[in-house]
Novice: 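Below: one structure in structure tokens.
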Amino acid sequence: MAFYDRMMQIDRRIIYLCMTLAVAIPLIVPIGMPVQVSDEARGFYDHIEDLEAGDIVLFSFDYEGDVMAELNPMSIAALRHLFRQGVRVVSVTMYAGGTGIAQDILEETAAEYGKEYGIDYVFLGYNPDWSGTILRLGESFKATYPADQFGKSTREIPLMQDVETYDDIALLVSIAGSALSEYWAIWAGGRYGVTVVSGNTAIQAILIYPYYNAGQIPGFLGGLKGAAEYERLVDIPGLGIKGMDAQSVAHLLMLSFIVIGNVGYFLSRRHERKLKEE
Amino acid sequence: MSADPGIWVAAILTLAIFSFLYRENPVFRFAEHLLVGVSAGYYLVQYFFSAVYRKLYVPVFDNHEYILIMGGVLGAMMFARLWRKYEWVSRYPIAFYVAAWAGYVIPSYVQVRILQQAESTMFNPMALPPAEAISNFIIFLGVVTTLSYFYFSAERKGPLKISSHVGVIFIMIGFGATFGYNVMGRISLLIGRFQFLLTDWLGIVQ
Amino acid sequence: MRSMKAVTSRPAAMYVPLSLLLFLIAFVLLCAQDVPASPARVRAADTPDDWGTCLRLTWSQAGPADQIETYEVWRYDGAAPALTIPTVAADSVDMLLKSLGWAVVDTVKITDTTFTDTGLDAGSDYTYIVAASFGATKLPSEPTVPVSPSKQYLRGATVNVLVAVAVFMALVVLLVEWARRGAKLFIRRIAGLEAVEEAVGRATEMGRPILYVPGLDPMDEVATVAAIDILGQVAKKAGEYETRLVCPNRDPIVMAVAQQVVRESYASVGKPHLYQDENVFYVTYSQFGYAAAVAAYMVRERPATNFFIGKFYAESLVLAETGNATGAIQIAGTDSDAQLPFFISACDYTLIGEELYAGAVYLSRRPLLLGALKAQDYAKIIILVAMVLGIIIPMLSPEFFETYRSLFG
Amino acid sequence: MKRQGPVVVAFIIGMLMLIQFFTPNPFFLRLYNLFLDWKQVVLGCTLILGTWSLIRYHTRRIGRRQQNWQYSYVTLIGLAFMVLAALIWKTEGGPYRWMFQNIQVPMQATMFSLLAFYVASASYRAFRARTFAATLLLIAGALVMLGRVPVGALIGGNIGGHEVTVSTIADWILNVPNLAAKRGIMIGVGLGMTATAIKIILGIETTYLGKSD
């Protein structure tokens, strides 16, 4: 096999092995690359920054364990920011698998800022059927969630006394591994006029651009980079910034493979042309 | 190194799944079958109990909202398909299931996916700085030509050929961008798994 | 007082009226600042887009803002009789209003000057008073004119959607009717679909099964309906060639429908005996549990042809890349735009977006469905024209452009 | 009853839900909520049918001693254990939750993370300047990939008074041509979805009821 053919047909397993090293090594030996903030992330940050102490935010954990790596850094950073502002948080999840994650993150961040359950934040838990839940919250929070995650009646939770419908919600934050933030924007935003900002997996984030440009979602965080940018803005370094080195190296690795493939392709074409000329 | 047996199980199964990258093997086969069984059980419990208990048992027996019995009736009708002779009965719940949402999505999609998207494509070139006007015009051009790519009623000849070719250019750039953008998300998932292995399990990285 | 003294000590008489005037102005200004005024211009009006259960109150800020603590909204059910309140002592005001049949609806923050009263009866009259309250003092406004909430049968903001839906439905009905009457409707070739026959043939030659993944979404997702349609067509071809078709499912309802469709398809080509329940089965509701099982199936059983048709999420690349590694012919079709690039890079043919919806029509060639596809194309022309107008109009008349644009928002 | 009945049901239910969008009449909202509850129960019941199908699939494999039949026991035991654990120890804690957290979640996440490898091999293969279209895919993909990591902000320079870096180009690609393509596809898909939904309600599309044409 000619050299350029080999460049074009690298075995998958070699690519896999290089990828493993490209991610593992920077995690063990960090480099510390700079992070530049995008407008989308700034929009997300500004909407939280503009809230006043006592405002109520609806925070939706719209993901399950499989995308924890990408979205947990955002949830943690956003909740820290909200609690730091003295904002009260009503939290829900649209996924059955999201309850454990939400509970852990809420408890951890609330403890950091000395927030009290039932007064500063509340976790209503999971309600099957997200579309119905989103719409029904517009009619009544307490009817949609008669009890919180721990079985306590929402009528008896002090924070819930101030929440009847979306009118009482200053901002809706959806951290989503699926199209849920779009649905929040379409239904809660479109129909009830709530401002929606979102944190999304990178794959989902690209679909948010039409909504961002149309003003339906005025700010969002895209993938681990979005999380790192936001961690930068709130000035609390976390998992996002830590992962960016591995991210950069892995990207460069992939680009190198693409370059190798293309160089091989051009060499083989030149070789073919030469053969024809002869 | 972790002393938690849960972390050990999780770490071993993580490696078992990774082994699929090299080749399909008995360890992976075991992990895959376990995942299917456990997750099928998990979702059966989550959905069956949450639906039948919360949406049927509680409303009917505790709150006396008898109209919710209908959900149980529709659900029971699905079981008719176990006997081929009565399979037609299960078409009723399916018709209900599909049509309820079909009716709901028509106006929502018309509003969000069609009208509002058309609205955001329109702009006033005079009211914008030149750079932005050019960008907006490119968007306009892209939307129009991409849409023409999906015109099925005529052969791609003449102007339609040109416009669908331009549409393909936009589509390809869009796909390239999506691909490139997604790479990041995919890698962060792997970073997450490695953080688990290196930090939670082995304790090499803090 | 000092100014008065100054005036009397001066002989010039003309200063007297001027000083008095200044004094008066100063007094008025001081009063305006010091003595609180009750909320003014209180208006109640029907809220739009509801079922006659809400009224919206607006008023202008009572002064001074730094003294007033809250606003109280009082309601009288019916047209309230004329009323004079001789006192500003909070207790007396409360007692008087309550004795006349008024009741407090709610207390509002001082920064708010609007309030929406809910839970009312359509058609009944209501009268309101807004009282500014601070300390032991309460300053009620004049009662409003009696207002009654009314029912709206149509949500105002959705009229444009209603028109668009009506136009589109009419187009579908008209063209379907046209097709029913035997009009010849032309549909151009769609590359991915031409390959279906070849793909099924190849599986037959190789004596290996065909894998059909109908997406991950439940039956009520429109893309799944399209996937089931195409499954029916693929199953007919598989039946004709007597090739095994395997269809693992993530959603149990989709499984139920798929079983029925595959069986009917086999029966329609005269091969009902080919159908076996175990070839169309449920795996697990877990997205990646399902992906793991299907990927493993591809590697172990090596199907010759893989179809990935329907709604897909991140697992798309796991499926497509594994299938690509096993060397199968792969045909994908999805409207999940985020997954399209992966299918394009790892599959032989990909139906992009709307082509998925055209696919079933194209394969079955049923005239009624062709009619509906035509309706889609005509709607597309309408949208295109509307968008082109959307950049021509602003150049002619920027004012009209805003109106025009708002028709779509 | 067998043929036309379901079509009539689809028409009535679909129309009610369609009207629901346009009117503030609370009756329709109540109806909508009711339908959603019914749908959940239907899905819950059908999951039993699905699970039955899974059990039969694996018991048959064991019965026929098909290749790898031993592994079918793993699936069946896993399934049975989860259901029993939920019944005996409830779902909030105990073995059910332990299995979910230490078996299901890590394996799902790892399966998902395999994408990092697949995306590398797929891009290596697909991003090759073979044709004009593939070249566009390659250029856009490479620019965005570079632009979305910190390195991208460092490559570039000052062009005509504007700071132009790979990151800003990547953002432009995402916000302009990419947005245009996405929007074009979105409108087309919107039309296709709406047309399909209309066909279902009007009884033009009936394949989903298992009827062949």
Side-chain angles (χ1 to χ4, degrees), chain B residues 6 9-10 13-14 17 29 33-41 44-45 47-48 51-52 55-56 71 74-75 78 88 91-93 95 99-100 102-107 109 113-114 117 135 138-139 142-143 146-147 150 170-174 176-177 179-181 183-184 186-187 189-190 193, chain D residues 2 6 9-10 13-14 17-18 21 35 37-38 40-42 44-47 51 71 74-75 78-79 82-83 86 99-100 102-104 106-107 110-113 115-116 119 133 136-137 140-141 144-145 148 173-174 176-178 180-181 183-184 186-188 190 193-194 197 200-201 208-209:
Chain B
V9 170
L13 290 174
T14 298
I17 298 283
R29 218 172 294 151
H33 279 82
L34 183 63
L35 173 57
V36 169
V38 169
S39 63
L44 178 67
V45 170
Y47 284 89
F48 179 74
V52 176
K55 301 293 175 183
L56 190 62
L74 286 169
M78 283 303 291
W88 60 271
R91 286 181 186 162
Y92 280 88
Y104 188 79
V105 297
I106 292 172
Y109 286 160
R113 288 180 174 264
I114 303 172
Q117 296 302 329
S135 287
I138 294 174
I139 292 177
V143 174
T146 305
L147 200 52
F150 296 106
F170 278 94
I171 292 174
M172 282 302 157
I173 295 176
F179 201 125
Y181 198 88
V183 166
M184 182 174 84
R186 302 316 186 211
I187 291 169
L189 296 165
L190 187 59
R193 290 325 288 161
Chain D
K2 291 183 188 177
V9 167
I13 302 282
M17 284 299 91
L18 178 62
F21 183 87
F35 283 0
D37 288 349
W38 292 355
Q40 274 182 47
V41 178
V42 172
C45 292
T46 319
L47 258 173
T51 310
Y71 294 92
V74 178
T75 299
L79 171 67
M82 286 302 271
V83 175
M99 294 280 283
F100 173 68
N102 296 306
I103 292 182
Q104 190 178 332
M107 276 204 277
T110 311
M111 206 56 217
F112 199 169
S113 76
L115 285 170
V119 92
L136 287 172
L137 191 83
V144 170
M145 220 187 283
R148 299 302 298 177
I173 291 176
L174 285 171
V176 179
N178 166 60
R183 194 177 275 165
M186 195 195 258
I187 295 175
M193 284 176 155
T194 314
I200 288 169
I201 294 180
Y208 75 97
L209 290 171

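Model, not experiment: these values are computed from the prediction. Each chain gets a letter, A, B and so on, in the order its sequence line appears, and its residues count up from 1.
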Novice: Which heavy atom of Val83(D) sits nearest a heavy atom of Val45(B), and at what distance?
Specialist: CA-CG2, 4.1 Å

Novice: So, taking the atom named CG in Leu13(B) and the one named CD1 in Ile103(D), what distance separates them when rounded to the nearest 0.5 Å?
Specialist: 6.0 Å

Novice: Identify which part of Ile201(D) has an atom lying under 4.5 Å from any heavy atom of chain B, answering side chain, backbone, both or neither.
Specialist: side chain

Novice: Given that the side chain runs from C-beta out, which part of Ala86(D) has a heavy atom under 4.5 Å from chain B: side chain, backbone, both or neither?
Specialist: side chain

Novice: With a 4.5 angstrom heavy-atom cut-off, which part of Phe100(D) approaches chain B: side chain, backbone, both or neither?
Specialist: side chain

Novice: For the residue pair Ala140(D) and Ile173(B), what are the closest heavy atoms and their distance?
Specialist: CB-O, 3.5 Å

Novice: Select one option (side chain, backbone, both, neither) describing which atoms of Ile200(D) are under 4.5 Å from chain B's heavy atoms.
Specialist: side chain

Novice: If I compare all heavy atoms of Arg193(B) with all of Pro106(D), which pair ends up nearest, and what's the gap?
Specialist: NH2-CB, 3.3 Å

Novice: Looking at every heavy atom in both Phe170(B) and Ala180(D), which two are closest together, and how far apart are they?
Specialist: CD2-CB, 4.1 Å

Novice: Using non-hydrogen atoms and a 4.5 Å limit, figure out which bit of Phe150(B) sits close to chain D: side chain, backbone, both or neither.
Specialist: side chain

Novice: Can you tell which part of Ile187(D) gets under 4.5 Å to a heavy atom of chain B, answering side chain, backbone, both or neither?
Specialist: both

Novice: Apply the side-chain contact (heavy atoms from CB on, under 4.5 Å) test between Met107(D) and each candidate in Thr14(B), Val36(B), Ile17(B), Val38(B); give the one that qualifies.
Specialist: Ile17(B)

Novice: Rounded to the nearest 0.5 Å, what separation is found between the CD1 atom of Ile187(B) and the CG atom of Leu115(D)?
Specialist: 11.0 Å

Novice: State, to 0.1 Å, how close Trp38(D) and Leu74(B) come at their nearest heavy-atom pair, and which atoms those are.
Specialist: CE3-CD1, 3.9 Å

Novice: Any side-chain to backbone donor/acceptor pair from Arg91(B) onto Leu209(D)? Under 3.5 Å, distance only.
Specialist: yes

Novice: Roughly how far, to the nearest 0.5 Å, is CE of Met193(D) from CD1 of Ile106(B)?
Specialist: 12.0 Å

Novice: Just give me the residue among Thr75(D), Asn178(D), Val41(D) that pairs up with chain B most often, heavy atom to heavy atom, under 4.5 Å.
Specialist: Thr75(D)

Novice: Which atom pair, heavy atoms only, marks the closest approach of Ala102(B) to Ala197(D)?
Specialist: O-CB, 3.6 Å

Novice: For the CE atom of Met186(D) and the CG atom of Leu147(B), what is their distance to the nearest 0.5 Å?
Specialist: 13.0 Å

Novice: Please determine, among Ile138(B), Leu44(B), Val105(B), the option with the most heavy-atom pairs under 4.5 Å with chain D.
Specialist: Leu44(B)

Novice: Using a 4.5 angstrom heavy-atom cutoff, name the option from Ser135(B), Gly41(B), Pro107(B) with the most pairs to chain D.
Specialist: Pro107(B)

Novice: Do Arg186(B) and Phe112(D) touch side chain to side chain, with heavy atoms closer than 4.5 Å?
Specialist: yes

Novice: Within the structure provided, determine whether Val144(D) and Phe179(B) are in side-chain contact (heavy-atom separation under 4.5 Å).
Specialist: no

